[in-house]
Amino acid sequence: MTLSLEHQQRHTQRIAVLISGRGSNMMALADAVQSGAIPNAIVRVCISDRADAVGLAGAAERGIEAVAFERRGQTRAEHETEIVRTLKEHKIDLICLAGFMRLLSPNFIALYRNRVLNIHPSLLPAFPGLHAQRQALTHGVRWTGCTVHFVDETLDGGPIIEQRIVPVLDDDTEETLSARILTEEHRAYTDAVACVVRGDYEIMGRRVVKKSPA
Ligand code: GRF
């Protein structure tokens, strides 16, 4: 699904945020919409694949519909069908993955081509997959950060919209480094979503070229 710039400009973009846990990025996005840092957008629904996700309460507190679809005995296709039904009910334009711990199928990605964003706690393409902060510490890099990217069929591999860097300090633990990155994640995700909602970018191969860089 691709939307023209004209369509995006006259239409409030309806966002769904998919989470599995804490939901701090979801709350940062909701608060950025509320404060006007992300104009012309509304967070319509927060979907979790875990009923015990702490972030669901944060969404509900913000007046956002918060729903959990646990996979239980379902196949991936059945589980995604439930999620897609909710996305369609809410006429969702943009899906933000924020600590959502499931891989989306190629069918799902095709349905929302270039309309699914993800945030990852490393400077991709370094350290994709789980425990990116631990991978950075183990590897001994001096700098790491976070990346917001479009989701394609590859793991953490789609076109990059935004990145922020943070130093790795000698006395860092996984916790201290994760906290430093998380602060930047909230800023990077806000900037990336604002850019996509404005629609003033073009995807050229792997590159996301911004027409009016922030
Ligand atoms: C973040 O570090 C994000 O980059 C990663 O999962 C974590 C989610 O944190 N994909 P939160 O649930 O948004 O607080």
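This chain uses plain numbering: 1 for the first residue, then up along the sequence. As the structure lists them, so they are numbered: ligands from 1, and atoms in each ligand from 1.
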A.B. asks: Mind checking side-chain hydrogen bond (donor to acceptor under 3.5 Å, both in side chains) for S35 and listing every partner two or more places apart, or none if nothing turns up?
C.D. replies: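 Applying side-chain hydrogen bond (donor to acceptor under 3.5 Å, both in side chains) to S35 gives none.
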
A.B. asks: Starting from atom 10 (N) of ligand 1, which protein heavy atom do you reach first, and at what distance in Å?
C.D. replies: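 Here the closest protein heavy atom is I119 O, 3.1 Å.
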
A.B. asks: For ligand 1 and R22, I'd like to know whether there is a polar contact (N/O to N/O, distance under 3.5 Å).
C.D. replies: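 Yes - when backbone and side-chain N and O of R22 are compared with those of ligand 1, one distance drops under 3.5 Å.
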
A.B. asks: Using only heavy-atom distances, determine whether the side chains of E82 and Q74 contain a donor-acceptor pair under 3.5 Å.
C.D. replies: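 The answer is yes; a qualifying pair exists.
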
A.B. asks: Salt bridge between D152 and R113, side-chain N to carboxylate O under 4.0 Å?
C.D. replies: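 No, no charged N to carboxylate O under 4.0 Å.
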
A.B. asks: Run down the list A132, G23, G21 and name the one with the heavy atom closest to atom 12 (O) of ligand 1.
C.D. replies: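 Minimum heavy-atom distance to atom 12 (O) of ligand 1 goes to G23.
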
A.B. asks: Taking NZ, NE, NH1 and NH2 as the nitrogens, is one of them in D93 or R44 under 4.0 Å from a carboxylate oxygen of the other?
C.D. replies: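 Answer for the salt bridge query: no.
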
A.B. asks: Please state which protein non-hydrogen atom is closest to atom 6 (O) of ligand 1 and give its distance, to 0.1 Å?
C.D. replies: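 Ranked first by proximity to atom 6 (O) of ligand 1 is G99 CA, 3.5 Å.
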
A.B. asks: For I19 and ligand 1, answer yes if some heavy atom of the residue is under 4.0 Å from a ligand atom, otherwise no.
C.D. replies: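 Judged by the 4.0 Å heavy-atom criterion, I19 does not count as contacting ligand 1.
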
A.B. asks: Could you check atom 11 (P) of ligand 1 against the protein and tell me its nearest heavy-atom contact, residue, atom and distance included?
C.D. replies: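 I find the closest protein heavy atom is S24 N, 3.4 Å.
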
A.B. asks: Between E162 and K210, does any NZ, NE, NH1 or NH2 come within less than 4.0 Å of an OD or OE carboxylate oxygen?
C.D. replies: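 Salt bridge: yes.
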
A.B. asks: Start with the C-alpha distance between Q34 and V43, add both sets of side-chain angles, then the distance that settles side-chain contact (heavy atoms from CB on, under 4.5 Å), and finish with yes or no.
C.D. replies: CA-CA 9 Å; Q34 192 62 33; V43 178; over 6 Å; no

A.B. asks: So which protein heavy atom does atom 3 (C) of ligand 1 come closest to, and at what separation?
C.D. replies: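 Protein heavy atom with the smallest distance to atom 3 (C) of ligand 1: E185 OE1, 3.1 Å.
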
